[in-house]
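First the structure, in the form of structure tokens, and then the observations on it.
These numbers come from the heavy atoms of this one structure, side chains and all, not from hydrogens, waters or symmetry mates.
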Amino acid sequence: MGEQKSRSRHLIDPEIISAVDLIPTTDLTESTLMESRKNQSQMMQQIDVTQMYPITLEKKVVPSYFSGPDIRIEIIKPKQSKHHKMPLYYSIHGGGMVLGSPVVDRPANASLAAQHGFCCVSVYYRLAPEHVQPSQLQDCYSGLKWCIEHAEELGIDTQKVAVGGSSAGGGLAAGLALYIRDQKEFEIHHLRLMRPMLDDRTSTAPEHPYAGEFIWTKQSNYFGWKSVLGDEPGQEEVSEYYVPARAKSLTGLPPTYINIGTIDLFIDEALFFAKQLAFDGVLVELHVYPGYHHMSPAFPDAHFSKEGARTSEYALLKALEIFDINSNEYNVNANKVGLQ
């Protein structure tokens with residue numbers, strides 16, 4: 001895409017602008033999906049976190065609580081735990097509801113386990129369009145419920161549970177939090193949303209003048225939402241568990257952290273969600289990064305990527321009361337985590 005035709009290139013932070021040239025923006029479609037999955041899988045399988053951090057990585061198959069197929073999860077733990085019972089971070093991967101796997105979150109989860117003694121669990125939820133909602137919600141809920149019911153086996157503290165995700169994972173995490181709130185079977189204590197995909201109506205709204213030109217476009221977003229909903233996005237009757245921005249009330253959600261870039265397609269929905277959280281009496285921390293697009297995690301050494309790593313990890317540790325906020329013991333390894 002040439003500079004003269006671009007409406008937002010001049011707004012991109014110089015530290016992360018190279019992504020728009022290295023990764024050409026193409027709209028995701030049914031015909032390009034399989035190739036995109038293959039390319040992403042080949043890139044991520046090269047990362048061996050057990051060689052990077054003193055952690056263990058275990059894969060398990062756990063049952064669905066909805067009579068669905070068994071669910072795969074992977075568990076990352078520190079080799080030497082800092083806690084009698086470990087806090088649990090349950091992560092849900094991104095990929096527009098149609099791509100990805102927990103592999104993409106392994107480096108950040110391994111860093112969190114090694115540095116702060118977390119048990120990090122990731123779920124292989126079923127992808128769209130082969131599987132539509134409530135498949136994703138059921139898989140994510142089942143994986144977390146299994147962890148809660150097997151807390152002693154895992155060595156986790158059920159009073160220190162956080163759920164988070166990036167992009168589509170952030171949207172699924174928010175929907176899961178709403179479902180957990182309403183089911184009342186157990187509680188979570190922090191919600192961590194990075195560049196979250198929260199609202200199907202963004203894909204049918206008028207074009208944003210500056211956001212969503214690069215990396216993850218309105219057209220790709222439309223494909224993702226149509227794939228996971230199994231119907232045209234933007235219709236009136238859609239469950240808030242599938243589309244968190246549709247929730248009439250966010251009251252009762254745990255303290256929530258959100259970060260977003262100003263030229264990310266999801267800027268408006270993230271801002272509206274943060275506003276609704278505050279209105280409904282939920283502690284919310286919002287960070288908006290100037291000139292950041294949806295591919296910002298690829299640049300962990302960029303200034304605002306480091307800021308995102310620092311603030312998101314601080315919010316997580318504070319919400320779970322893992323450290324004394326008045327002490328000087330807290331030190332986030334920003335270079336390792338990035339704006340995950």
If we ignore angles and hydrogens, is there a donor and acceptor under 3.5 Å between the side chains of Ser64 and Gln138?
-> no
Check whether more than 12 heavy atoms from other residues, nucleotides or ligands sit under 6.0 Å from atom CD of Gln235, and answer yes or no.
-> yes
Salt-bridged, Arg181 to Glu240, with N to O below 4.0 Å?
-> yes
Please check if any side-chain donor atom of Glu185 sits under 3.5 Å from a side-chain acceptor atom of Tyr65, or the reverse.
-> no
Anything under 30° is parallel, anything over 60° is perpendicular, the rest tilted; go ahead and classify His287 against Tyr289.
-> parallel
Just wondering, do Ile92 and Leu176 contact through their side chains at under 4.5 Å, heavy atoms?
-> yes
Decide yes or no for Phe304 and Ser296: does some side-chain heavy atom of the first lie under 4.5 Å from some side-chain heavy atom of the second?
-> no
Flag for His294-Ser167: side-chain donor and acceptor within less than 3.5 Å | yes
Is the closest basic N to carboxylate O distance between Glu207 and Arg7 below 4.0 Å?
-> yes
How are the rings of Tyr179 and Tyr241 set to each other: parallel, tilted or perpendicular (split at 30° and 60°)?
-> perpendicular
Kindly indicate, with the supporting measurements, whether the criterion side-chain contact (heavy atoms from CB on, under 4.5 Å) is fulfilled by Lys60 and Trp146.
-> CA-CA 11 Å; Lys60 272 187 174 292; Trp146 183 89; 3.6 Å; yes
Find out whether Ile12 and Phe214 are in side-chain contact, i.e. whether some heavy atom of one side chain is under 4.5 Å from a heavy atom of the other.
-> yes
Among side-chain atoms of Ser122 and Ser91, is any donor-acceptor pair under 3.5 angstrom?
-> yes
Report yes if the side chains of Leu99 and Leu127 come closer than 4.5 Å at any heavy-atom pair, otherwise no.
-> no
Pairing of Lys38 and Glu35 as salt bridge, 4.0 angstrom limit = no
Considering only heavy atoms from C-beta outward, does the side chain of Asp200 approach that of Glu269 to under 4.5 Å?
-> no
Any salt bridge between Arg201 and Asp268, counting N to O under 4.0 Å?
-> no
Begin from the C-alpha positions of Val161 and Ile156 and carry the test side-chain contact (heavy atoms from CB on, under 4.5 Å) through to its verdict.
-> CA-CA 9 Å; Val161 178; Ile156 61 171; 5.6 Å; no
Determine, step by step, whether Phe118 and Leu316 satisfy the side-chain contact (heavy atoms from CB on, under 4.5 Å) criterion, reporting the C-alpha distance in whole Å, the side-chain angles of both residues, the deciding distance to 0.1 Å, and the verdict.
-> CA-CA 11 Å; Phe118 273 74; Leu316 172 67; 3.8 Å; yes
Does the side chain of Val62 come within less than 4.5 Å of Ile71's, by heavy atoms?
-> yes
Tell me, with the steps shown, if Tyr89 and His190 meet ring pair (Phe, Tyr, Trp, His ring centres under 6.0 Å).
-> CA-CA 9 Å; Tyr89 180 58; His190 183 58; 8.4 Å; no
Criterion ring pair (Phe, Tyr, Trp, His ring centres under 6.0 Å) on Phe186 and Tyr141, from CA distance to verdict | CA-CA 11 Å; Phe186 54 87; Tyr141 187 77; 5.5 Å; yes
Can you check whether Leu286 reaches Leu277 side chain to side chain, under 4.5 Å on heavy atoms?
-> no
Would you please test His293 and Asp264 for side-chain contact (heavy atoms from CB on, under 4.5 Å) and show each step?
-> CA-CA 5 Å; His293 50 60; Asp264 193 308; 5.9 Å; no
With a 3.5 Å cut-off and no angle check, do the side chains of Glu74 and Tyr124 form a donor-acceptor pair?
-> yes
Can you check whether Leu28 reaches Val98 side chain to side chain, under 4.5 Å on heavy atoms?
-> yes
